[in-house]
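Encoded as structure tokens, the structure appears first; notes follow it.
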Amino acid sequence: MHHIELYVSDLEASRRFWGWFLKELGYKEYQKWSSGISWKKDCFYLVIVQAKEQFLEPEYHRCRVGLNHLAFHAESKLQVDLMTEKLMAKGYRVLYRDRHPFAGGDGHYAVYCEDPDRIKVELVAPSG
């Protein structure tokens, strides 16, 4: 994968979430302009861009046609646990709390959360 570009409803709220989350995973700020920002790690980068007013409705929902979620590699189960604590401390919504950290089934150790536009984000530990 080369890059992913997400259009967001509130650039500043999304910048706070994605900037913090990606920094925790070792990404560095890559590009910045008045309507967007990107972060890069190795050969991959993630871009967020402020959606124009006429495209804000209908709101995003992951169960409609299109993107369901973004999944990132964690270095370890400990990183998943620490990220879970940090997400909750920052007031971000952690999904599937009743099944955490095995909501993915089959020993899949991960945390699932939502960004400010309710895009599902997964951080998954290596198996084994």
Please test Asn68 against Ile119 for side chain to side chain contact (heavy atoms under 4.5 Å, CB included), starting from the C-alpha separation and ending with a verdict.
CA-CA 7 Å; Asn68 176 267; Ile119 295 173; over 6 Å; no
Give the C-alpha distance, both sets of side-chain angles, the deciding distance and a yes or no for side chain to side chain contact (heavy atoms under 4.5 Å, CB included) between Val111 and Tyr96.
CA-CA 9 Å; Val111 61; Tyr96 319 122; over 6 Å; no
Applying side-chain contact (heavy atoms from CB on, under 4.5 Å), name anything that partners His108, two or more places apart in sequence or on another chain.
Ala110, Tyr112, Glu122, Val124
What do you reckon, are the aromatic ring centroids of Tyr109 and Phe102 less than 6.0 Å apart?
yes
Partner residues of Glu75 under the salt bridge (charged side-chain N to carboxylate O under 4.0 Å, His left out) criterion, sequence neighbours left out
none
Going by the rule salt bridge (charged side-chain N to carboxylate O under 4.0 Å, His left out), which residues pair with Lys28 if we only count those two or more places apart in sequence or in a different chain?
none
How about CG on Asp98, more than 12 heavy atoms from neighbouring residues, nucleotides or ligands closer than 6.0 Å, or not?
yes
Arg97: which residues meet the salt bridge (charged side-chain N to carboxylate O under 4.0 Å, His left out) condition with it, sequence neighbours left out?
none
Between Arg118 and Arg93, is a side chain to side chain contact (heavy atoms under 4.5 Å, CB included) present by the stated rule, with each step listed?
CA-CA 9 Å; Arg118 301 197 62 206; Arg93 184 169 179 226; 3.0 Å; yes
Mind checking whether His69 and Val121 have side chains closer than 4.5 Å, heavy atoms only?
no
For Phe72, look at atom CZ and say whether over 12 heavy atoms of other residues, nucleotides or ligands are found less than 6.0 Å away.
yes
Check for a donor-acceptor pair, side chain of Gln50 on one end and backbone N or O of Leu11 on the other, with a separation under 3.5 Å.
yes
Under 3.5 Å, which donor-acceptor pairs link side chains of residues 33-41 to any protein atom two or more places apart or in another chain?
{"from": "Trp33", "atom 1": "NE1", "to": "Ser35", "atom 2": "OG", "distance (Å)": "3.2"}
{"from": "Ser38", "atom 1": "OG", "to": "Gln31", "atom 2": "N", "distance (Å)": "3.0"}
{"from": "Ser38", "atom 1": "OG", "to": "Gln31", "atom 2": "OE1", "distance (Å)": "3.1"}
{"from": "Lys41", "atom 1": "NZ", "to": "Leu25", "atom 2": "O", "distance (Å)": "2.8"}

Looking only at atom types and distance, does a side-chain atom of Asp117 sit under 3.5 Å from a main-chain N or O of Val8, one as donor and one as acceptor?
no
Would you be so kind as to tabulate the donor-acceptor pairs closer than 3.5 Å made by side chains of residues 13-22, with sequence neighbours excluded?
{"from": "Ser14", "atom 1": "OG", "to": "Asp10", "atom 2": "O", "distance (Å)": "3.4"}
{"from": "Arg15", "atom 1": "NE", "to": "Glu12", "atom 2": "OE1", "distance (Å)": "3.2"}
{"from": "Arg15", "atom 1": "NE", "to": "Glu12", "atom 2": "OE2", "distance (Å)": "3.2"}
{"from": "Arg15", "atom 1": "NH2", "to": "Glu12", "atom 2": "OE2", "distance (Å)": "2.4"}
{"from": "Trp18", "atom 1": "NE1", "to": "Asp115", "atom 2": "OD2", "distance (Å)": "3.0"}

